[in-house]
Amino acid sequence: MDKIVVTGGVPLEGEVRISGAKNAVLPILCATLLADAPMEIGNVPHLHDVRTTARLLGGLGAGIGHDIEGGIVRVDPRTVDSHLAPYELVRTMRASVLVLGPLLAKHGAAEVSLPGGCAIGSRPVDLHIKALEALGAEIVVEHGFIKARAGRLRGGHVAFEMVSVGATENVLMAATLAEGTTTIDNAAREPEIVDLADCLVAMGARIEGAGTSRIVVQGVDALQGARHDVIADRIETGTFLVAGAITGGHVVATHARPDTLEAVLGKLLEAGADISVEGDRVGVDMRGRRPRAVDIVTEPHPGFPTDMQAQFMALDCIAEGTGTIDERIFENRFMHVNELMRLGADIQIDGHRATVTGIGRLTGAPVMATDLRASASLILAGLVAEGDTTIDRIYHLDRGYERIERKLSGLGARIRRIS
Ligand code: UD1
């Protein structure tokens, strides 16, 4: 199994090109199932989760063409003849549950393995199920599968009791082909929801309010094929900006969407960084300074993203002062804490809150990645730790970061992958 070795101590300098967003491309690939004609998706990042989604769609019978270097995936959904998302795939990628809404709306049936638990908590799918039931679906959960059936879905009113990105996406996709109007209240407002809605609109869907907490969808009879380019990854961008800040360097992310990063840029400013924004470029400059500790509370968008929590914890580990990190989205997202402590970090945990007291330097050690963003935080910590940090189980990283070691090397980091 591959490992990554980081030798700390180099302030990062230079430009890094940001890829398409993992959390946008996965729902968009699932949305292609709704079309009556071939779809072309561009700015697709080269990620393990994208390959898993392509396998999932291929298993349903869709024609898949993947031009990895060009960042293009073509999906021909006309040949879909199965409604089954099997355990083997859903187990490795929770986002597989996003085929539920499209299959149900387009084919009147779906069988999706229950995602079950994962390292960051139990992550149920009750909100997805209730929302689709509100559109007339009949759903039972048995033998580890969500089994859903419907005639043509009917527009309805969905009021989420809590904000869920995935459940909003599932019902949004399903509602595009339902008969009549669907109103989604307390909808997630993440930029990835807006990107999905943009793609659906390009296919002929009628959607208003994406990006606000009320989305209204007028169902249509059919959706056409379209071309859509995936939005830039705000979490990848944020991760590289923290890499610049934590190392006392100067990093500019290009092909980014700075307007989706407000909460993250605010915290970098608070940490003492200079931030520059120009078009699709966003830079962080922390040369000659040590970051100041920041307090973080994770919230649904536009609040501070849970997917950036672990990276800012790494920053706080070497910052001046003490910072608190409140994780309010997931019940068990502090798996990186023990690993950061192996590098010498001073962190106390009390329930959902971690208190991090910055120390002058971390020291390299072997550590283990436990989930995607936790892996990123270990790399960031390794960039400032004295000596070598060897990170095991980096398949988590390959699920969500395109060629991260190459991009970091391009900024001067001493990082390599070993088998
Ligand atoms: C998405 C992102 C993930 C991010 C998360 C929160 C993708 C592919 N993944 O995950 O990177 O960390 O949003 O920003 O886009 N919940 C329920 N019942 C449900 C669904 C969710 O209780 O039916 C709970 C979850 O356990 C969690 C909270 O709601 O505590 C938010 O989860 P949700 O927004 O649904 O996250 P995902 O869509 O799975």
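When a ligand or atom number is given, it counts from 1 through the structure's own listing order. Residue indices begin at 1 and follow the sequence shown.
Among the atoms of Asp126, some N or O lies under 3.5 angstrom from an N or O of ligand 1. Between Leu26 and ligand 1, no pair of N/O atoms sits closer than 3.5 Å. Inclusion of Asp307 in the set of residues having an N or O under 3.5 Å from an N or O of ligand 1 is warranted. Not a single N or O atom of Phe330, backbone or side chain, sits closer than 3.5 Å to an N or O atom of ligand 1.
Contact annotation for Val165 and ligand 1: heavy atoms of both the backbone and the side chain come within less than 4.0 Å of the ligand. At a heavy-atom cutoff of 4.0 Å, ligand 1 is contacted by no atom of His301, backbone or side chain.
Under the 3.5 Å distance criterion, with hydrogens and angles disregarded, no donor-acceptor pair is assigned to the side chains of Thr355 and Gln348. Using modelled atom types, one finds no donor on one side chain facing an acceptor on the other under 3.5 Å when comparing His128 with Glu133. Under the 3.5 Å distance criterion, with hydrogens and angles disregarded, a donor-acceptor pair is assigned to the side chains of Glu327 and Thr306. If you check the side chains of Asp326 and His352, you find no donor sitting under 3.5 Å from an acceptor. A donor-acceptor pair shorter than 3.5 Å cannot be found between the side chains of Thr254 and Glu15.
Partner of Gln309 under the side-chain hydrogen bond (donor to acceptor under 3.5 Å, both in side chains) criterion, chosen from Arg328, Arg333, His336: His336.
When each atom of ligand 1 is checked for a heavy atom of Val125 under 4.0 Å away, the hits are 19 (C), 23 (O). For ligand 1 and Arg333, the ligand atoms under 4.0 Å from any heavy atom of the residue are 12 (O). Those atoms of ligand 1 with a heavy atom of Met162 less than 4.0 angstrom away are 22 (O), 24 (C), 28 (C), 29 (O). Of all atoms in ligand 1, numbered sequentially from 1 with element shown, those under 4.0 Å from a heavy atom of Gly166 are 35 (O), 38 (O).
The shortest heavy-atom distance from Ala167 to ligand 1 is not under 4.0 Å. Close to ligand 1: His128, with a non-hydrogen atom less than 4.0 angstrom away.
With ring centers used as reference points, Phe145 lies 6.0 Å or more from Tyr87.
With salt bridges taken as basic N to acidic carboxylate O contacts below 4.0 Å, one links Glu161 and Lys130.
Shown here is Glu278, whose CD atom has no more than 12 heavy atoms of other residues, nucleotides or ligands within 6.0 Å.
Residue Thr306 holds the heavy atom nearest to atom 6 (C) of ligand 1 of all those in Asn23, Asp49, Thr306.
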